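Notes follow the structure.
The structure displayed is predicted, hence computed values, not measured ones.
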Amino acid sequence: MISSADNKPIVGVSVYVEGTTVGATSDINGNYTLKVPAGTKHVTFAFLGYDTKKIAVADVELFKLVTLIEASNVMDDVVVVAFGTQKKESLVGAVQVVRPSTLKVTSSNLSTSFAGKIAGVISTQSSGEPGADGANFWIRGISTFGANKSPLLILDGVEIVSEMLNNIPPEAIESFSILRGANGVMIITTKNGRQSEKMAINVRLESGISMPTRVQDIADGVTYMENYNEALRTRTPAGETYVQHFSDEKITGTRNRLNPYVYPDNDWYSMLFKDFTVNENMNLNVRGGGKVVDYFLNASIFNENGILKKPAESKFNTNINSQKYLFQANVGAQLTRTTRVSLKMNTQLLFWYRPVEEVKDLFYYTMRANPVAFPAIYPKGSVEDLDDPIFGNAPSWDGGSTDINPYALLSRGYGQRHTQYITTTFSVDQDLDFVTKGLKVRGMVSFYNKTYAATYRSFSPYYYEMTDYTDNGDGTFDYNLQSIGTPGSSYLGTSTGRNGYREISLQGQIEYSRTFGKHDVNALFVYHQKEKVDNQPTNDEYKVLPYREQGLAGRFTYGYDSRYLMEFNFGYNGSENFISGRRFGFFPSIAGAWVVSGEPFWEGIRSKVNLLKIRASYGLSGNDYLADSSNNIVRFPYLTTVNMNKALYVWFSPNFVKQTGHEIKTVGNPLATWEESTKLNVGLELGLFDALTLNVDVYKENRTGIFMQRRSLPSTMGLSGVTPYGNLGEVENRGVDVSLEYNKAFNKDLLVSVRGTFTYAHNEVKARDEAKYLPNKYNSVLGKPVNSVYGLVADGLFASQEEIDNSPRQTFMPDYLPGDIKYRDMNGDGVIDANDRTSLGYPTVPEIMYGFGASVNYKRWDFSFFFQGTARVSLRMYDMHPFRDNQYSGFNMTQYVADDHWSEADPNPNAAYPRLDYRYNANNTQTSSFWVKNGSYLRLKSVELGFTYKSLRAYLAGTNLFIISPFKYWDPEMGSGNGLKYPLQRVVKLGLQYNF
């Protein structure tokens, strides 16, 4: 017998015939001998940490090599849930168990593996930047427009942040469970040691190349100048003389590349970014133990590089480099026959090196910066007595002394960030069977600490402008330069930053679990408390005061004959955020299940339909996390705060002294309390032929009392700027989660596994303190999804001046023309303005996420693939308009705008972009359905091919290999905007794994 995880022999597997005393145990080589009684139909294989397998005696070939699949948790047929574990067969709630092996990806961030692989999880990744490429994820979508939309994350009993979750290597995970109530809970338990005859060591080494999935093309200098001239010419009013901005001489000189300094044509993207980069990582873990002490140790190192170039003139490495050093150390000791202690420590050291300029800005500058105004850099020696780099520049079109030179900004400095996370959990488990059988207690104390420090060093570039030039007639040019803007300096200035916080929590629980014949009874009670303190508090007393919470929780379960199951849970939780009398909330839930396949009448079809389970649950949960519209934490909303020394614009007294007085900063609401969620879930579990498993859950959730700032109070109340908060919002969320898995061993050489998931989550706003009588119902947010886009409905492009004259008047600019966007008059008043805005398309967070894939093991070869996709999702294009925005001018343009815009020469009514404008066109830049696009896609998420020889496995793997989408301009998973930020990455890697 071997393990599916590492192809090594498994020692100590129980091999037996159910209902008899016939059994055997595998030896150190995985071999066993078993005499099977006559009439036996199946032989069972069971081992801690692996799925139990049954093989029909008639399939003789399958006994030659038995592969056990590693279970998704440490205890066979046990699922980790809140404050403990439950038998898988007795689960009645909406709990998703994830096999850790499915979470292996080419990225160092665990959350990038969630999309499409976990039923009930909506996940999107908007950036591929090393060290910042974690995904955003929500369990069953988004069910509130309030502050707290993310699931609770628990690692070994300690609440953690998503960045820490991202840095947990799959090799260290024993179990990964998802509780799908309210915002949901992800519970991750790391591996413990286990009793074994020898220590197990696993080593993995990987190296690969990383490149963008899609790169948005930017127009070259000649295309830019010709299109700018076109915009200026076609927007010059009748009766006025068109004056060409870019001369034919400049365009021709640039096209013929006469001189890169006199006729610059900067391809900023190629100057700043390279095509690919190389990354490496390794993982080492050790597992073992004896009867008294067991241990598990894991160490991971990641070295990931960005695709930024190091300018030849720069003294610094300006590329991104993300280094992660991750450690897990778990030790357990059996002090007595009934007493066990364990210590689990997780340490994450994150080092991030990067240019001092924000990386997302550098991508944006590839379009934002003018490509022909000046060269990126002049030759060394162009300025007498200056050894430093001579960067080109020119006065900005908006009157500034200089413009943006992306090459100089990349070169000017670097930043270093260091983040450290440490969690430590110490627990004591005491079995009290000597008091009464099935009674036990547990105590746990945990510590969490985050520290962050950053240093940035930079210089001021030397900028020079070309004042004049001379064409020598022989292909050479002479030119003169003068300093421009702030004087340059080679001195490195320094800035720093630091923050962090620490948490300590205590937990005590008592549990009783007993079986009386066919009756299974379990009762659990838990007390918990937590305190959080800033490591660097400010003078703000809200920052100095610790954050505290405490509560009680309980669970009671009953099962009869493993067929009829019932569960009752409750939480009695206290929050410091609310006034005395409203601080504690009671949140109960109840669930039940019927295992139909356990009934006697099912016996005739059990060999075909091995499982049929129907379950339902209904419960209440609460949220006390409060924040304002800018996502700043709100504490103690019941308090009114007053500034006692507000400067007033009043002068009096003999000397006309400016007076001070009292100012209300926050109006308190003593009625503020918990945001509450009620959820109904109905589920079905179906198993066929001991090979196919189908899980379906349908749910409906109502979130009420959502904390928000009032919107309907008239300004005559005198509360402008200090409008009070209250529990005013309501959202309804409903959907379905489906997972399907098929596992079949056809013979000793061939094992096939097929899996798929489907998640649908749709929400609607039911209350948001809107005015009761809105003149236009289509303006209302009620009945619309939380992340909807609101804007104008576009009816294409104007085809003629006659059509403009016969259409409602558009108020955004006076001189719109044929080729500009035409909008729909929603209220029929003959005017297009803000009153015509309504919801557009689908929300910007996917409502549907799905995935499907398969793996095949044939002899020493293994092959797997996985597709992942989304549907019912929109993205909004903005900040991608050519030539200028509402503040600055001199921009370049993307190539797709140059290729497919409406023009007088080609008045295409279906053009991707309207008529060009050299100004800020307030008509065409309105948020509208013209810019809201279908963001759905299907991508080949991962492919892997491996070969195993004895204890060595070599493999080739790829991620994000191709994508199919109706949206073509950038990777649609990056979402709304202009696509000019760090792109998602296509990764191909080689790996070696060795077990000894």
Side-chain angles (χ1 to χ4, degrees), residues 142-150 538 540-543 545 547 575-583 585 622-650 660-677 702-732 763-791 833-835 837-839 927:
I142 294 175
S143 56
T144 179
F145 54 78
N148 188 14
K149 304 178 181 69
S150 302
T538 63
D540 185 347
E541 63 181 6
Y542 283 69
K543 297 288 187 180
L545 293 174
Y547 299 74
S575 170
E576 63 170 16
N577 266 341
F578 310 120
I579 197 169
S580 179
R582 290 180 171 269
R583 288 175 179 161
N623 168 49
D624 71 327
Y625 182 88
L626 311 176
D628 60 19
S629 57
S630 301
N631 207 33
N632 297 311
I633 295 176
V634 174
R635 300 188 71 186
F636 317 125
Y638 57 89
L639 296 177
T640 295
T641 58
V642 180
N643 181 357
M644 302 297 291
N645 195 32
K646 168 68 175 177
L648 304 177
Y649 290 95
V650 176
T660 61
H662 301 168
E663 175 199 34
I664 296 177
K665 295 183 64 177
T666 305
V667 177
N669 178 5
L671 300 180
T673 188
W674 292 80
E675 176 183 316
E676 293 185 343
S677 166
N702 279 88
R703 189 73 66 96
T704 59
I706 298 173
F707 194 73
M708 60 172 289
Q709 199 166 15
R710 283 197 172 274
R711 305 169 68 200
S712 62
L713 295 180
S715 59
T716 52
M717 291 190 67
L719 295 175
S720 297
V722 291
T723 308
Y725 289 83
N727 299 94
L728 305 171
E730 181 178 348
V731 171
E732 179 186 285
N763 65 70
E764 294 179 4
V765 176
K766 296 299 183 182
R768 202 167 183 176
D769 197 37
E770 278 190 345
K772 188 173 183 179
Y773 300 104
L774 283 176
N776 304 307
K777 293 300 181 184
Y778 56 81
N779 291 145
S780 174
V781 301
L782 303 186
K784 310 297 182 6
V786 170
N787 290 92
S788 293
V789 177
Y790 292 87
D833 55 19
N835 293 318
R837 291 190 171 99
T838 187
S839 63
T927 299

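In this structure, the separation between CD1 on Ile706 and OG on Ser143 is 7.5 Å, given to the nearest 0.5 Å. Atom CG of Leu728 is separated from atom CZ of Phe707 by 9.0 Å, given to the nearest 0.5 angstrom. Here the straight-line distance linking atom OG1 of Thr704 with atom CD of Glu675 works out to 8.0 Å at 0.5 Å rounding. A distance of 10.0 Å separates OH of Tyr725 from CE of Met708, quoted to the nearest 0.5 Å. In this structure, Glu730 CD and Thr144 OG1 are separated by 11.0 Å, a value rounded to the nearest 0.5 Å. Distance CG/Leu782 to NZ/Lys784: 8.0 Å, rounded to 0.5 Å.
When atom types are taken as modelled, the side chain of Glu676 and the backbone of Gly705 share no donor-acceptor pair closer than 3.5 angstrom. One N or O on the side chain of Asn727 and one on the backbone of Thr673 form a donor-acceptor pair closer than 3.5 Å. Although no hydrogens or angles enter the test, the distance criterion places no donor-acceptor pair under 3.5 Å between the side chain of Asp769 and the main chain of Gly729. In terms of modelled atom types and a separation under 3.5 Å, the side chain of Asn776 and the main chain of Tyr778 share no donor-acceptor contact. Between the side chain of Thr666 and the backbone N or O of Thr641, no donor-acceptor pair lies under 3.5 Å. Between the side chain of Thr723 and the backbone N or O of Gln709 there is no donor-acceptor pair closer than 3.5 Å.
Each of Thr838, Val765, Leu774 was compared with Ser780 under the side chain to side chain contact (heavy atoms under 4.5 Å, CB included) criterion, and only Leu774 meets it. Partner of Glu576 under the salt bridge (Lys or Arg N to Asp or Glu O under 4.0 Å) criterion, chosen from Arg582, Arg635, Arg583: Arg635.
For Ile664, the CD1 atom counts as loosely surrounded, since its 6.0 Å shell holds 12 or fewer non-hydrogen atoms of other residues, nucleotides or ligands.
Looking at every heavy atom in both residues, Gly726 comes nearest to Asn669 through CA-ND2, 3.4 Å. Between Arg837 and Ala834, the shortest heavy-atom distance links the atoms NH1-CB, 2.9 Å. Closest of all the heavy-atom pairs between Tyr790 and Thr927 is O-CG2, 3.4 Å. For the pair Asn763 and Val731, the tightest heavy-atom approach, listed with the atom from each and the gap, is CB-CG1, 4.0 Å.
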task = Report the C-alpha separation of Asn577 and Asp624 in whole Å, then their side-chain angles, then the decisive distance to 0.1 Å, and conclude whether the side-chain hydrogen bond (donor to acceptor under 3.5 Å, both in side chains) test is met.
result = CA-CA 7 Å; Asn577 266 341; Asp624 71 327; 4.5 Å; no
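Annotation: ring-ring contact (aromatic ring centres under 6.0 Å, His included) contacts of Phe145 (sequence neighbours excluded): none. With sequence neighbours left out, Ser677 forms a side chain to side chain donor-acceptor pair (under 3.5 Å) with Glu701. Judged as a ring-ring contact (aromatic ring centres under 6.0 Å, His included), and not counting sequence neighbours, the contacts of Phe578 are Trp674.
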